[in-house]
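By convention in this document, chain letters (A, B, ...) are assigned in the order of the sequence lines, proteins followed by strands, and residues within each chain are numbered from 1. Not measured: the values here are computed from a predicted model.
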Protein chains: 2
Amino acid sequence: MRITIKDLAEYCGVSSGTVDRALNNRPGIKLKTKQKVLEAAAKLNYRPDFTARSLVKGKTMTLGIVLFDLYNRTFAQLLNAVELKAKEYGYFIYVALTNKDPDNEKQCIEYLANHKVDGMILFTVHQGEEFEHYLESFSFPIITIFNFLSERWQYIGIHERGAMKDVALFIADKGYTKITYICPPLSFQGKRNIFTQEERLKGLEEGLSERGINHVKVIKQNDYLDVLDGLVFKDGDMAIVCSCDLYALEVMNHFKEKKIKIPEDVGLMGFDNIDVLKYISPKLTTVEYPVEEIGKMAVESLIYKIEDGKFNTYSPMSLDFKIIEGESI
Amino acid sequence: MRITIKDLAEYCGVSSGTVDRALNNRPGIKLKTKQKVLEAAAKLNYRPDFTARSLVKGKTMTLGIVLFDLYNRTFAQLLNAVELKAKEYGYFIYVALTNKDPDNEKQCIEYLANHKVDGMILFTVHQGEEFEHYLESFSFPIITIFNFLSERWQYIGIHERGAMKDVALFIADKGYTKITYICPPLSFQGKRNIFTQEERLKGLEEGLSERGINHVKVIKQNDYLDVLDGLVFKDGDMAIVCSCDLYALEVMNHFKEKKIKIPEDVGLMGFDNIDVLKYISPKLTTVEYPVEEIGKMAVESLIYKIEDGKFNTYSPMSLDFKIIEGESI
DNA sequence: GTGAAAGCGCTAACAT
DNA sequence: ATGTTAGCGCTTTCAC
């Protein structure tokens, strides 16, 4: 059986209060008593029971994070950064994966709440007043990432719209006049929270329209490769922009098969700058942004709120992004 | 403030015992009373406090997993599978990342123990009697993955040695006579637990020796690319085997720069079959094994032990692997 | 400087 | 069918 504070007290012939003072560096204890207790603790292999401590302290030193999955490299990187940063502050991380399923997501949130996390990092597919009202029923702070909810919720991310606007200007200035945008998640428009995706599209359209291009062909289907088969690529005047690198890689593979040349026949751009791009040729032009930074900021912000009662102020969506020039456009 | 069972009891004019019966579907309660309590719980937005429950039940419904990091795709996939499977059984996952730092690893284990996980999945860099003795001081079941510890510890993984032996036979039968093996982690031989890596090397040597090849050049340096520069590739009689795909991709990139052709000048093989290989050309020949399966089995085995008191029996290291033939060798 | 005791929110055993 | 009560292992307050 596990040794408790009571066992230690008995063993040392002191009270549990004294053991507590020794174990937790609290004042009001004779050095000698303290040493005796600490030695006994080491000898008997005592380990504090955090669940008991949590119960009295009302704090679990645990943060919950809700994500779609970890197949997406970006999320894995994010979680990695979150764990590291949290541990620095002595917090542990509960991961809860939703597979983008709204019901599943709610259940994850619910369970995390029951496990009494001190705070939550939330990447949600939900949106709307009802959901926000639901979130407000929780007594711990919540910070949203990637998908914005509303001003009522602390949010950390990059300026998605601005990034895509830059992309638009970048490709327009390269001389491309026909733009195709691939973003299957947009098919959930109005049904789920796809803030990030919508912002990117808006940015793209804004930027292009500044350059006099007022039409973007948007592909929202999951079988976007089939849709591409229906398009004609000549003169190299079309640029295909993908809402994330993974789609761009699929397109690349597909075009390789079809003997369509990048960038000669058609330009291609991704988004995310996932690390495997370094092994791919032609080098994919893409947008880099600091995922780890998002994770770290989320944790720091959350812990600050937990421990000091208020969110630290910073301009939201202020993180840097950068176009990484490859050879694909 | 959070509503407690006591609040509910007061609100409904019953005792906390009755509330408990209603909330947890325990027998011995009138349907009507039960409904009243449940309605009140919903209305007042009651949420059970798992830390309190854990304290009395001695069970947290939480599993801890200790991994190096999540940059390695394989680990991210594994964690994904672990989370999914655990949630199926109602368990939550604490992730603790060690960055391969032994001290860090011990601290992670310690903290997880203090948080009273019901079980632990451990990918350790430690080895030896002292560490095993340390692990035995914990009262929850531990299951090891990837790096084997000893027969005293439940282990789940593939037959690494057998897999690499198959690789050896495969490449020998392709006519390769000079074999170079790249595996930087081997530099930790004797210092850390690198079971997986050692097994793979042994398997390679075993297989090759069966085909009359008794010398393998083993590169353990981190700057393995520089070492490759010192080698001469002619006749295409050399095969480079990498202990994981990532190294192989680095080699590929390097050779591309150096205008060394794969497989004409030199053969190349990886290990892992990470998902991005589908975007890489030439197609890398590699070994596939079921990471998700390892994760699922670890969770199921652990939960079985937690709930039924014994590890289920299965032949260890029994998981399938398969050589995926590409164009690189 | 130390001990005693209450209580965190829940479950479980025992009364009624 | 329901109420009462004693903990789970710890922290914290108050008394000595």
Check whether any side-chain nitrogen or oxygen of A:Thr18 sits under 4.0 Å from OP1 or OP2 of C:dG3, and answer yes or no. yes
Regarding A:Thr33 and A:Arg21, do their side chains bring together a donor and an acceptor under 3.5 Å, going by distance alone? no
Tell me if the centroids of the rings in B:Tyr134 and B:Phe138 come within less than 6.0 Å of each other. yes
Using whole Å, what does the distance between atom C1' of nucleotide D:dG9 and atom CG of A:Leu8 come to? 12 Å
Axis deviation across the helix from C:dG1-D:dC16 to C:dT16-D:dA1, five-pair ends, to the nearest 10°: 50°
Grab the two heavy atoms, one from A:His126 and one from A:Thr124, that are nearest each other, plus how far apart they are. N-OG1, 2.8 Å
Per-nucleotide protein contact string for nucleotides 6-16 of chain C, where B marks a base within reach and S marks sugar-phosphate only (heavy atoms under 4.0 Å, - for neither): -BBBBSB----
Answer yes if the side chains of A:Lys87 and B:Tyr111 hold a donor-acceptor pair under 3.5 Å, and no otherwise. no
Search all heavy atoms of A:Asn193 against all heavy atoms of A:Asn147 and return the closest pair with its distance. O-ND2, 2.8 Å
For ring pair (Phe, Tyr, Trp, His ring centres under 6.0 Å), just list the numbers for A:Tyr91 and A:Tyr89, CA-CA rounded to whole Å, side-chain angles, deciding distance to a tenth of an Å, and then say yes or no. CA-CA 6 Å; A:Tyr91 284 77; A:Tyr89 289 91; 7.3 Å; no
Per side chain to side chain contact (heavy atoms under 4.5 Å, CB included), A:Met120 is matched among A:Ile109, A:Thr144, A:Ile65 by A:Ile109
Protein-nucleotide distance (A:Glu10, atom CD; C:dA4, atom P), rounded to Å: 12 Å
According to the interplanar angle, ranging from 0 to 90°, do the rings of A:Phe146 and A:Phe123 count as parallel (below 30°), tilted (30 to 60°) or perpendicular (above 60°)? tilted
